[in-house]
Amino acid sequence: PMYRQFYDLTSLPFSLNPDPEAFFSGEQQTTANTILEYGVMRREGILVITGDVGCGKTVLIRHFLANWAGDTCFGVVSNPSVLKETFMTGLFLAFGQQPQGGEGAMSYAGFQAFLNAQGSAGRACVLVVDEAQSLSVEVLEELRLLTNPDAGGGSVQLVLVGQPQLQQLLYRPDLGQLLQRVVAHYHLQPFREAETARYVEYRLQLAGCERAVFTRKAMQRIHQGARGIPRLINMICDVALLYGYTEEMDKIDASVVNQVIADKGLGGLGLDRAPAGIVAVGGSDADETDEASTVPEQGMAEQLFREAD
């Protein structure tokens with residue numbers, strides 16, 4: 001966009017595409033990433049990450065995958081419909097393997113042989129399923145069966161990522177065995193106001209900007225208009241920079257942000273806000289939660305997983 005030079009930017013600060021290079025290490029994001037790291041290191045159980053649309057689930061997963069240093073074979077399913085239509089073929093492709101034997105017993109045997117070979121080589125196999133709230137009960141049950149260790153030692157560890165409906169899905173009575181294997185569930189919440197300001201400043205700094213572009217009041221309105229949702233923050237800031245450029249404004253004030261919010265129809269946006277943090281699993285009440293830890297260190301993750309054992 002034309003505003004890059006005007007605001008001394010070397011790149012686009014507020015792209016809507018999930019970019020692991022622009023991962024924001026906020027309190028929640030750091031805690032969720034620690035849980036993923038420790039969970040995969042343990043090589044057991046099912047990990048669940050939920051959050052509202054636009055709260056950064058996909059960029060979290062991409063950041064985690066890009067920075068994982070362990071000897072692990074990852075498979076990623078971005079479109080769960082492929083598992084519904086062609087389950088075994090979707091699994092092979094997720095792990096970068098050539099599909100074998102259609103959808104029958106031969107295909108399953110071929111995939112199990114792949115898992116056993118990875119296990120024999122000391123590599124864990126982790127399947128990450130994004131948008132997992134779209135999975136059917138039948139597919140979730142098939143995935144659960146893959147988490148059972150085979151006689152040859154091969155199995156799949158699951159990471160399910162999705163919108164809040166995923167939590168409701170996991171608590172269905174007919175998925176009780178699956179729920180029992182969930183060792184950690186973290187819910188990403190929209191940013192608080194202070195986090196929104198830090199996020200905006202971080203994205204601007206990544207793009208080479210070394211000065212304040214938004215006034216304090218503008219930051220407040222960005223947070224209010226976006227309700228703390230990173231994707232909407234990006235959208236508001238991107239358009240606000242364009243509006244500010246056209247008016248040759250060295251610093252963008254609240255009036256510009258108000259205009260963006262009005263033009264984008266964000267004034268009446270509402271959210272069903274679930275508590276952020278570690279969600280209790282394995283009980284009968286899907287709404288039972290613990291407060292998010294303010295110390296996102298490995299010790300917190302160890303305590304969480306000890307409780308799940």
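Position 1 is the first residue of the sequence, and the numbers go up from there.
- Every residue meeting the ring pair (Phe, Tyr, Trp, His ring centres under 6.0 Å) condition with Tyr199, not counting sequence neighbours, appears here in chain and number order: Phe24, Phe191.
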* **side-chain contact (heavy atoms from CB on, under 4.5 Å) between Leu169 and Gln133, worked out** => CA-CA 7 Å; Leu169 179 61; Gln133 77 280 350; 5.7 Å; no
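- Note that CE of Met2 is 5.5 Å distant from CG of Leu242, once rounded to the nearest 0.5 Å.
- Minimum interatomic distance between Gly228 and Thr196 (heavy atoms only, all atoms of both residues): CA-OG1, 4.0 Å.
- Listed by first and then second residue, the salt bridge (Lys or Arg N to Asp or Glu O under 4.0 Å) pairs that reach into residues 124-146 are Glu141-Arg144, sequence neighbours excluded.
- In this structure a side-chain-to-backbone donor-acceptor pair under 3.5 Å is missing from Asn33 to Gln29.
- Judged by distance alone, the side chain of Arg231 and the main-chain N or O of Leu16 form no donor-acceptor pair under 3.5 Å.
- How far OG of Ser107 is from CD of Gln112: 11.5 Å, rounded to the nearest 0.5 Å.
- Distance check: Gln157 CD to Thr72 OG1 gives 8.5 Å after rounding to the nearest 0.5 Å.
- The distance from the CG atom of Asp19 to the CZ atom of Phe14 is 13.0 Å, given to the nearest 0.5 Å.
- Summarising the geometry of Leu127 relative to Val76, their closest heavy-atom pair is CD1-N, 4.4 Å, with the distance given to 0.1 Å.
- Around atom OH of Tyr245, no more than 12 heavy atoms belonging to other residues, nucleotides or ligands sit under 6.0 Å away.
- Contact detail for Pro99 and Thr89: the closest heavy-atom pair is CG-CG2, 3.8 Å.
- In this structure, the side chains of Leu93 and Val77 stay at 4.5 Å or more apart for every pair of heavy atoms.
- Of the possible donor and acceptor atoms, none in the side chain of Arg221 sits under 3.5 Å from a partner among the backbone N and O of Val257.
- Using a 3.5 Å distance cut-off with no hydrogens or angles, the side chains of Asn148 and Arg181 do pair a donor with an acceptor.
- A donor-acceptor contact shorter than 3.5 Å links the side chain of Tyr202 to the backbone of Phe23.
- Thr215 places a side-chain N or O within donor-acceptor distance of the main-chain N or O of Ala218, the cut-off being under 3.5 Å.
- Taking the side chain as every heavy atom from C-beta outward, Pro13 and Val213 never approach each other to under 4.5 Å.
- For Asn67 (side chain) and His63 (main-chain N/O), a donor-acceptor pair under 3.5 Å exists by modelled atom type.
- Judged purely by atom type and a 3.5 angstrom limit, Lys251 has no side-chain atom pairing as donor or acceptor with the backbone of Phe214.
- Using bins of under 30°, 30° to 60° and over 60° for the plane-to-plane angle, the ring pair Phe111/Phe95 lands in the tilted bin.
- With contacts defined as side-chain heavy-atom distances shorter than 4.5 Å, the pair Leu232/Arg227 does not qualify.
- Residues Leu166 and Ala132 come closest through the heavy atom pair CD1-O, 3.8 Å.
- The heavy-atom pair separating Gln28 from Glu195 by the smallest distance is NE2-OE1, 4.2 Å.
- When only modelled atom types and interatomic distance are considered, Tyr7 and Asp250 share no side-chain donor-acceptor pair under 3.5 Å.
- Within the 4.5 Å cutoff, side-chain heavy atoms of Cys73 are placed close to those of Gln118.
- With hydrogens and angles ignored, the 3.5 Å screen pairs a side-chain donor or acceptor of Thr246 with a backbone N or O of Tyr243.
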* Could you go step by step and tell me if Ile233 and Arg203 meet the side-chain contact (heavy atoms from CB on, under 4.5 Å) rule? -> CA-CA 11 Å; Ile233 294 170; Arg203 296 293 294 242; over 6 Å; no
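- Taken from OG1 in Thr50 to CD in Gln163, the straight-line distance is 10.0 Å, to the nearest 0.5 Å.
- A pairwise comparison of heavy atoms in Tyr108 and Met88 identifies CA-CE, 3.7 Å as the closest pair.
- A heavy-atom distance below 4.5 Å is found between the side chains of Val159 and Leu36.
- Listed for the Arg43 side chain is no donor-acceptor partner under 3.5 Å among the backbone atoms of Val40.
- Ile229 contributes atom CD1, which lies 12.0 Å from atom CG of Leu188 (distance to the nearest 0.5 angstrom).
- Not one N or O on the side chain of Lys264 forms a donor-acceptor pair closer than 3.5 Å with the backbone of Gly225.
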